[in-house]
Participant: 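First, the structure itself, so that you have it in front of you.
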Amino acid sequence: MFPLTAYFEAAMELARYDKLEDGTYAGEIPKLPGVAAFGRTLRECERELRSTVEDWVLVGLRLDHPLPKLAGIDLNKCRHGRVPSPQKT
C-alpha cells in the first residue's frame with residue numbers, strides 16, 4: 001500500500017461524528033487541525049470528510065507543511081509518493 005493511501009485510512013479510523021440538531025452530520029479528525037466535514041447523511045459526511053482529508057494532506061505536502069504522524073506513517077519523510085528505502089551499508 002502506498003503511504004498516502006495508508007495515511008488516509010489511518011486518518012479515517014480517527015474520525016469522530018456527531019448528529020446535529022437538524023438531523024445532519026458533522027465529522028472531524030482531531031489530530032488533523034481544521035479537517036471537518038458535514039453531510040445530510042452519515043455516509044455523505046464520511047465521503048466529504050475523506051475528500052477533505054485527501055485535499056488537506058495534498059495541499060500540506062505541496063506547501064511543505066509539517067503533517068502529523070499517524071499509525072507510524074510520517075509523510076514528512078516521503079518524496080514522490082514513496083518512503084525512502086533504508087541506506088545499504
Participant: Determine yes or no for a side-chain-to-main-chain donor-acceptor pair under 3.5 angstrom, with Asp74 supplying the side chain and Lys69 the backbone.
Facilitator: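 Side chain of Asp74 to backbone of Lys69: no pair is present.
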
Participant: Holding to side chain to side chain contact (heavy atoms under 4.5 Å, CB included), I want the full list of residues that pass it with Leu58, two or more places apart in sequence or in another chain.
Facilitator: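 With sequence neighbours excluded, Leu58 shows a side chain to side chain contact (heavy atoms under 4.5 Å, CB included) to Leu4, given in chain and number order.
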
Participant: Is there a donor-acceptor contact under 3.5 Å from the side chain of Ser51 to the main chain of Arg47?
Facilitator: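 Side chain of Ser51 to backbone of Arg47: no pair is present.
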
Participant: Apply side-chain hydrogen bond (donor to acceptor under 3.5 Å, both in side chains) to Arg16 and list each qualifying residue two or more places apart in sequence or on a separate chain.
Facilitator: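 Per chain and number, Arg16 pairs via side-chain hydrogen bond (donor to acceptor under 3.5 Å, both in side chains) with Glu28.
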
Participant: Over all heavy atoms of both residues, which pair between His65 and Asn76 is shortest? Give the atoms and the distance, please.
Facilitator: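 Taking every non-hydrogen atom into account, O-OD1, 3.8 Å.
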
Participant: Minimum heavy-atom separation for Ile29 to Ala15, with atom names?
Facilitator: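 Shortest heavy-atom contact: CG1-CA, 4.0 Å.
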
Participant: Indicate yes or no: does Arg50 engage Glu9 in a salt bridge with an N to O separation below 4.0 Å.
Facilitator: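 Counted as a salt bridge, because a side-chain N and a carboxylate O are separated by less than 4.0 Å.
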
Participant: Check Ala71 against Ala10 and note the closest heavy-atom contact, atom names and distance.
Facilitator: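 Looks like CB-CB, 3.7 Å.
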
Participant: Rounded to the nearest 0.5 Å, what separates atom CH2 in Trp56 from atom CZ in Phe8?
Facilitator: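 Interatomic distance, Trp56 CH2 to Phe8 CZ, rounded to 0.5 Å: 11.0 Å.
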
Participant: Under the rule for side-chain hydrogen bond (donor to acceptor under 3.5 Å, both in side chains), what residues qualify as partners of Asp18, not counting sequence neighbours?
Facilitator: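 In terms of side-chain hydrogen bond (donor to acceptor under 3.5 Å, both in side chains), with neighbours along the sequence ignored, Asp18 is linked to no residue.
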
Participant: Who passes salt bridge (charged side-chain N to carboxylate O under 4.0 Å, His left out) against Glu46, sequence neighbours left out?
Facilitator: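 Partners of Glu46 under the salt bridge (charged side-chain N to carboxylate O under 4.0 Å, His left out) test: none.
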
Participant: Less than 3.5 Å apart, which donor and acceptor atoms pair up between the side chains of residues 32-42 and the rest of the protein, not counting sequence neighbours?
Facilitator:
unit_1, atom_1, unit_2, atom_2, d
Arg40, NE, Glu44, OE1, 3.3
Arg40, NH2, Glu44, OE1, 3.2
Thr41, OG1, Glu44, N, 3.0

Participant: For the residue pair Ala26 and Cys45, what are the closest heavy atoms and their distance?
Facilitator: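 Smallest interatomic distance, heavy atoms only, reads C-SG, 3.6 Å.
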
Participant: Considering residues at least two apart in sequence or located in another chain, which fulfil the side chain to side chain contact (heavy atoms under 4.5 Å, CB included) criterion with Lys31?
Facilitator: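 Checked Lys31 against side chain to side chain contact (heavy atoms under 4.5 Å, CB included); matches are Leu14, Leu70.
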
